[in-house]
Amino acid sequence: MKGDYKKYFKLQIELSKKVILKNSLSRINTVAGVDVSYVERVKKAFATIVIFSYKNLEIIEKRYHISDINFPYIPGLLSFREIPPLLKCIKKCKIDPDLFICDGQGIAHPRGIGLASHLGLILNKPTIGCAKKKLVGSFIPPPQNIKSWSPLWYKDKFIGGVLRSKIKVKPIFVSPGHLMDVYTSIEIVKNLITKYKLPEPTRIADKYTGEVKRNYLG
DNA sequence: GCGACAG
DNA sequence: ATCTTGTCGC
């Protein structure tokens, strides 16, 4: 029945109980950025993953996967649209990254299980959500100082950070996905930012996605 | 009813 | 996400 997504809501509520908000990383060697873009005209999803060395942000592996779109975009249910393509893409990697950065929310979600949290649970890996826009929560705009941030609150819970990744640009929304905590997620994203709004993993994965798409369309 | 609403 | 032109600012 069109518009009936109760089963997905229920699944999210059950999955959210399994999310672990505790940093499980003692040392980070590799970090991956994942992204998905779409072309409705041909009903295709373009997923990419770019893996970097955490220390010097050097690209050490990149993969992509093109698949059919089989779930619509519905705020709050993004993971059901993006995870299938991402899993096939991630499976192509030879390297198993220590951490994944997702283009979307972690626990900053109506039911506490955004794309990053859901993906982390499935992979049983640490993940961080880094979104360009807010989904839920309230906050005070962070100062203009570079890399300053303000807390993101939702239902009296501290769920993430609104980070000023670049001066005179809208801040980004960082929240832990899985096997990660709020403070650590913010600190890690700070380390992954260079001179752009988005942290390198997500920024490069997004750029790669556009490249793959252009090649496909000719 | 109204506003909000990741990609 | 995608579409889409010019335009303001460093």
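Sequence lines set the chain letters: A, B, ... in the order given, protein chains first and strands last, and positions in each chain run from 1. Every heavy atom of this structure was used, including side-chain atoms; hydrogens, water molecules and symmetry mates were not.
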Practice item. Take A:K168 and A:T209, find for each the nucleotide of DNA chain C with the closest heavy atom, and name the residue whose nucleotide sits nearer the 5' end. Key: A:T209

Practice item. Scan A:G129 against the nucleic acid and name what it touches under 4.0 Å (heavy atoms): base, sugar-phosphate only, or nothing. Key: nothing

**Study point:** Centroid-centroid under 6.0 Å between A:Y216 and A:Y64 rings
**Key:** no

Study note, to complete from the structure: Whole-Å distance, A:K195 NZ to C:dC10 P, equals 16 Å

Practice item. Tell me whether A:Y73 is stacked on the nucleobase of B:dG7, counting only the six-membered base ring and applying the 5.5 Å and 30° thresholds. Key: yes

Review point. Contact class for A:R81 vs. all strands (heavy atom < 4.0 Å): base, sugar-phosphate, or nothing?
Key: base

Practice item. Nearest whole angstrom, please: distance from the C1' of B:dA4 to the OH of A:Y154. Key: 11 Å

Check your understanding: Looking at A:Y5 versus A:F80, is the centre-to-centre ring distance below 6.0 Å?
Key -> no

Review point. Rounded to whole angstroms, how far apart are CG on A:L135 and P on B:dA4?
Key: 14 Å

Review point. Between A:K134 and B:dA4, is there a side-chain N or O to OP1/OP2 distance below 4.0 Å?
Key: no

Exercise for review: Find the distance A:L152:CG to B:dA4:C1' and express it as a whole number of Å.
Suggested key: 14 Å

Review point. In terms of side-chain geometry, is the basic nitrogen of A:E187 or A:K190 positioned less than 4.0 Å from the acidic oxygen of its partner?
Key: yes

Review point. Counting only N and O atoms by type, is there a donor-acceptor contact under 3.5 Å from the side chain of A:H178 to the main-chain atoms of A:N124?
Key: no

Review point. Should the heavy atoms of other residues, nucleotides or ligands under 6.0 Å from NZ of A:K92 be counted, would the total exceed 12?
Key: yes

Review point. Can you tell me how far P of B:dG7 sits from CG of A:N70, to the nearest Å?
Key: 20 Å

Review point. Is it true that the side chains of A:Y183 and A:N23 contain a donor and an acceptor less than 3.5 Å apart?
Key: no

Exercise for review: Could you tell me how the ring of A:W149 sits relative to the ring of A:F158: parallel (under 30°), tilted (30 to 60°) or perpendicular (over 60°)?
Suggested key: parallel

Review point. For the pair made of CZ in A:F80 and C1' in C:dA1, what is the distance, rounded to whole Å?
Key: 19 Å

Point to revise | Presence of A:K132 side-chain N/O under 4.0 Å of B:dG7 phosphate oxygens OP1/OP2 | key: yes

Practice item. Whole angstrom is fine here: how far is it from CZ in A:F173 over to C1' in B:dA4? Key: 13 Å

Review point. Under a cut-off of 3.5 Å for both distances of each Watson-Crick or G-U pair, what dot-bracket string does DNA chain B give, using [ ] for crossing pairs and | for inter-strand pairs?
Key: .......

**Study point:** Interatomic distance where CD1 belongs to A:I66 and P belongs to C:dA1 [whole Å]
**Key:** 18 Å

Practice item. Remember a base hit wins even if backbone is also touched, and classify A:L77 as base, sugar-phosphate or nothing at under 4.0 Å, heavy atoms. Key: base

